[in-house]
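In what follows, a single structure is set out as structure tokens and then discussed.
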Amino acid sequence: MQLETYIKSGIAEAIASLYGETVDAETLKLESTNPDFKGDFTFVCFPYVRLSKKKPEDTAAEIGAFLKESIQQVDGFNVVKGFLNIEISDAYWLERFAVHVLGISRKNSGKVMVEYSSPNTNKPLHLGHIRNNLLGYSVSQILAASGYEVVKANLINDRGIHICKSMLAWKHYGKGETPESSGMKGDHLVGKYYVEFDKQYKQQIADLLATGVDKEAAEKEAPLMKEAQEMLRQWEAGNDEVITLWKMMNAWVYQGFDVTYKNLGVEFDKFYYESNTYVLGKDLIEEGLSKGVFFKKADNSVWIDLTDEGLDEKLVLRGDGTSVYITQDIGTAQLKYDEYHCQKSIYVVGNEQDYHFKVLFLILKKLGKEWSDGLHHLSYGMVDLPSGKMKSREGTVVDADDLMADMIVAAREKTEELGKTDNLSDAEKTELYTTLGLGALKFFILKVDPQKRMLFNPEESIDLQGDTGPFVQYTYARIQSMFRAAQNEDVNAKFTIESGRESEINLIKKLLDYEAEVLKAASTYSPAIIIAYALQLAKAFNRLYNDVSILKESNVELRRFRLKLAGDTAATIKQCLSLIGMQCPERM
RNA sequence: GGACCCGUAGCUUAAUUGGAUAGAGCAUCUGACUACGGAUCAGAAGGUUGGGGGUUCGACUCCCUUCGGGUCCA
């Protein structure tokens, strides 16, 4: 980092002294050199040929020569077209490595809330939730590592017509079944009745169609639907019987979710419940009306005109005074800010709600909430199956609990096939398979840019070789094994090294990148950056491992140097994987 | 009707935000000291970045248009 700014001002000096032109060193762009070329930093000269009035190649060569003279760490340079590749001396990297400390120095970046998961309490979690949960948790970890105080929040959708559907189906067809009586996980049990409702409802529609009723009317008039709507009205009126049933079934679901969250390794600091927050926001609608941000239509409904922003008019309160989704989201945003005063607030929500959040943030801004600038929708694409979209009502989903269990089985089979289960107790085996199976799953999902839809084929289990979680975990385990064998070695001993091999210098450079990569991942909310880095780091180490001997090296200084390389690599891998929510096995 | 997202090798995907010869993994093929752990490493092959136009020193990236997949708003 230091060196980069140093080189930039060197380039500015070069331009001043060679061409008599002033440029601000801050505005110069210095890129890291493409691995296919020799060098460490690359300065792209094309934009500056109008200052030098020379060919790009000549400009690059002149600036390169100037830097080599004026900056001692610059060992040499090469020019390809207008690209100036600046080569830094090995000595510089070795010095940096000698004083290298692990971790990140940045502190007190501010306070941020990450809202994620946000499940409905009428069915168990599925693959889509897994993507959401992993993203939310990982981004929280990354932000925390880069110095933020993070509040992990979960807004639970625990009321509404869909909840009433499960409740009603249970009431009609459940015969008093409970998680205890059936041995079924609570969320799965409730989900079963959600599916049952749909089945019965469809039957009723079919019956009505047969009597000559048209489709739209049939969907509206089916007795079950009318009953569900009546139940929702009673819930809102506080009917004792309905509320008691609602509490009981929600409690089952929460017990189930707790297990899933624990297995998935995610957690929360704060829970919000929609049964509390759905009443919020109406006061802010009043505020907006008096400020002239909103307007009323003839039917008394309240709207905001966003046509200036290229959007439509948006309803924010119905004519009968009842809320719409955005009403409560406005209120909840205010509630969150009042409670925590976070500078930033991130919503991890699927991209089908892109428009919704665009409108929500715009409304809050127009209401004059200065904190609205810190709001961000971390949008992600749907997870598709080969058969198409997952539909929970039709039961065509990949269940979160099942998927995790399948991954653990796959990890077990692979490990046993390699014959690496010897000398492990049953408890250790279980822990190992869990670490590897979930590691593969988390890595697989977070490796992909969130914006993209992803295809998941349950038939082809997730790879355990190549660019995968277990690959990185293997690198870690292998280093740990080396340290177990190096017990009479003074691991913390100082060493003096004058020069390094290419594989060693490359690994040093990667290790020194850690902080910059984490900060980049934090500013773009992207776990994928950490994953890509962890892979590169593991590869750089594996290359070194095949290139040179470490424990078998006879030269003490070299041996200690390489042991420190290995130790720092392992520690950095562990940090990276913890940001993804992954564990590192000591052996595998 | 209007708006947004996605399209890269057979498959899963990356590209330092406009930079170099589009980079990996899986699958396929070849090789690695009698393996400090082979879930590794080195290499080969695989591409008109959906199609067409434009902007410029330079386009997977920006603009226009068109095709395909998906989503949202009323």
Side-chain angles (χ1 to χ4, degrees), chain A residues 29-37 39 41-50 55-56 79-85 303 306-307 309-315 326 350-359 379-382 384 388-389 411 414-415 417-420 436 440 443-444 447-457 460 462-475 477-486 489 503 513 516-517 520 524 528-529 531-533 535-536 538-539 541-553 559 562-563 566 585 587-588:
Chain A
K29 265 181 67 185
L30 200 60
E31 297 165 14
S32 48
T33 301
N34 186 318
D36 293 343
F37 296 88
F41 299 106
T42 295
F43 180 64
V44 183
C45 294
F46 295 106
Y48 301 93
V49 291
R50 59 183 181 81
K55 285 194 280 187
V79 176
V80 182
K81 297 188 213 167
F83 296 88
L84 169 62
N85 297 324
W303 295 72
L306 296 171
T307 47
E309 316 281 343
L311 306 173
D312 290 330
E313 290 181 348
K314 174 79 186 174
L315 175 72
I326 206 149
N351 65 5
E352 67 271 18
Q353 295 201 39
D354 283 356
Y355 186 83
H356 176 81
F357 280 103
K358 206 168 168 182
V359 170
S379 164
Y380 63 91
M382 229 169 264
D384 285 317
K389 198 178 159 180
K414 176 73 180 174
T415 309
E417 181 190 317
L418 293 172
K420 294 190 169 185
L436 294 177
F443 208 88
F444 176 82
K447 195 156 79 90
V448 184
D449 174 10
Q451 198 65 38
K452 292 188 175 177
R453 294 180 78 95
M454 58 183 282
L455 182 93
F456 180 79
N457 190 345
E460 301 169 13
I462 292 170
D463 278 327
L464 300 171
Q465 279 173 57
D467 281 359
T468 64
F471 168 82
V472 180
Q473 289 170 320
Y474 173 77
T475 307
R478 189 199 235 175
I479 294 172
Q480 295 312 103
S481 148
M482 207 167 62
F483 276 97
R484 281 193 295 273
E489 198 76 46
S503 59
D513 273 346
E517 295 285 340
K520 192 170 142 201
T524 55
I529 287 177
I531 295 212
Y533 171 73
L535 275 171
Q536 287 172 18
K539 281 183 185 176
F541 178 80
N542 287 333
R543 208 165 295 141
L544 171 103
Y545 188 86
N546 277 273
D547 185 38
V548 301
S549 295
I550 299 178
L551 285 180
K552 285 183 178 170
E553 170 58 51
R559 195 165 67 237
R562 288 175 187 159
L563 272 169
R587 59 190 87 215
M588 64 187 272

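In the text below, chain A, chain B and the rest are named by the order of the sequence lines, each starting its count at 1.
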Who pairs with B:G46 - Watson-Crick or G-U, where each distance is under 3.5 Å: none

Who pairs with B:G23 - Watson-Crick or G-U, where each distance is under 3.5 Å: B:U13

Donor-acceptor under 3.5 Å (A:Arg453 side chain, A:Gly381 main chain): no

Syn or anti conformation of B:U17, syn meaning chi within 90° of 0: syn

Donor-acceptor side-chain pairing of A:Ser379 and A:Asp354 below 3.5 angstrom: yes

Minimum-distance nucleotide to A:Ile550 side chain [options: B:C6, B:C4, B:C36]: B:C36

Touch class at under 4.0 angstrom, heavy-atom based, for A:Leu311 against every strand present: nothing

Along RNA chain B (nearest heavy atom to each residue), the more 5'-positioned of A:Lys552 and A:Thr42: A:Thr42

Closest listed nucleotide, where the reference is the side chain of A:Arg453 and the choices are B:A42, B:G70, B:A39: B:G70

Side chain A:Thr307, main chain A:Asp312, donor-acceptor under 3.5 Å: no

Any side-chain donor near an acceptor of the partner, A:Arg478 and A:Asn542, under 3.5 Å: yes

Worked check of side-chain contact (heavy atoms from CB on, under 4.5 Å) between A:Arg587 and A:Arg484: CA-CA 11 Å; A:Arg587 59 190 87 215; A:Arg484 281 193 295 273; 3.6 Å; yes

Whole-Å C1' distance, B:U16 and B:A22: 14 Å

Side-chain donor/acceptor of A:Thr468 to base of B:A39, under 3.5 Å: no

Listed nucleotide nearest any side-chain atom of A:Asp463, set B:C26, B:A24, B:G37: B:C26

Phosphate-side-chain proximity, A:Arg478 and B:C36, N/O vs OP1/OP2 below 4.0 Å: no

Touch class at under 4.0 angstrom, heavy-atom based, for A:Val472 against every strand present: nothing

Any donor-acceptor pair under 3.5 Å from A:Arg562 side chain to A:Ser549 backbone: yes

Between B:A15 and B:G23 - P atom distance, rounded Å: 14 Å

Closest to the A:Ser32 side chain, choosing from B:U16, B:G19, B:C41: B:U16

OP1 or OP2 of B:U71 under 4.0 Å from side-chain N/O of A:Asn351: no

B:G31 to B:G70 separation - C1' atoms, rounded to the nearest Å: 45 Å

Approximate separation, where rounding is to 0.5 Å, of A:Phe443 CZ and A:Phe471 CZ: 8.5 Å

Atom C1', compared across B:C29 and B:U65: separation rounded to whole Å: 43 Å

Interatomic distance, A:Phe471 CZ vs B:C26 P [rounded to whole Å]: 9 Å

Check against side-chain contact (heavy atoms from CB on, under 4.5 Å), A:Met454 and A:Tyr380: CA-CA 10 Å; A:Met454 58 183 282; A:Tyr380 63 91; over 6 Å; no

Sugar-phosphate, base or nothing in reach of A:Ser379, heavy atoms under 4.0 Å: nothing

Sugar-phosphate only, base, or nothing, as touched by A:Ala528 at under 4.0 Å among non-hydrogen atoms: nothing

Whole-Å P distance, B:G53 and B:C5: 24 Å

N/O (side chain, A:Lys452) to phosphate O (OP1/OP2, B:U12) under 4.0 Å: no

Side chain of A:Asp467 (C-beta onward), nearest among B:G19, B:U13, B:A24: B:A24

Audit row: A:Asp467, A:Val472, side-chain contact (heavy atoms from CB on, under 4.5 Å) steps and yes/no: CA-CA 8 Å; A:Asp467 281 359; A:Val472 180; over 6 Å; no

Sugar-phosphate, base or nothing in reach of A:Met588, heavy atoms under 4.0 Å: base

B:U12 versus B:U55 - spacing of their C1' atoms, nearest Å: 34 Å

Listed nucleotide nearest any side-chain atom of A:Lys358, set B:A20, B:A39, B:C4: B:C4

A:Glu352, nearest nucleotide to its side chain (from B:C72, B:G37, B:A24): B:C72

Sugar-phosphate only, base, or nothing, as touched by A:Val80 at under 4.0 Å among non-hydrogen atoms: base

Side chain of A:Phe46 (C-beta onward), nearest among B:C41, B:G19, B:G23: B:G19

Rounded distance in Å - CG (A:Asp547) to P (B:C41): 13 Å

N or O in side chain of A:Tyr545 less than 4.0 angstrom from B:G37 OP1/OP2: yes

Distance-only donor-acceptor test (3.5 Å): side chain A:Lys420, base B:A39: yes

Between B:U16 (C1') and A:Tyr533 (OH): distance, integer Å: 15 Å

Atom-to-atom span, OH of A:Tyr48 to P of B:G58 - whole angstrom: 18 Å

Length of the line joining A:Phe444:CZ and B:C11:P, which is rounded to integer Å: 15 Å

Touch class at under 4.0 angstrom, heavy-atom based, for A:Asn85 against every strand present: base

Touch class at under 4.0 angstrom, heavy-atom based, for A:Pro47 against every strand present: base

Under-4.0 Å side-chain N/O to phosphate OP1/OP2 contact, A:Lys81 with B:G58: no

Nearest-angstrom distance, P atom, B:G25 to B:A42: 8 Å

Watson-Crick or G-U wobble partner of B:A74, both distances under 3.5 Å: none

Atom-pair distance (CD on A:Glu517; P on B:U17), nearest Å: 13 Å

Which residue lies more 5' along RNA chain B, comparing A:Met454 with A:Leu84 via nearest heavy atoms: A:Met454

Per A:Thr524 side chain, nearest of listed nucleotides B:U17, B:G25, B:U71: B:U17

Separation of B:G25 C1' from A:Tyr474 OH (nearest whole Å): 17 Å

Aromatic ring of A:Phe37 stacked on base six-ring of B:A20, 5.5 Å, 30°: yes

Nucleotide nearest A:Tyr355 (side chain, heavy atoms from C-beta), chosen from B:C72, B:A20, B:G37: B:C72

Any-strand Watson-Crick or G-U partner of B:C33, both distances under 3.5 Å: none

Whole-angstrom distance between B:C62 and B:C4, as gauged at atom P: 13 Å

Value in whole Å for how far the P atom of B:C4 lies from CG of A:Asp312: 12 Å

A:Lys414/A:Asp463 ion pair, N-O < 4.0 Å: no

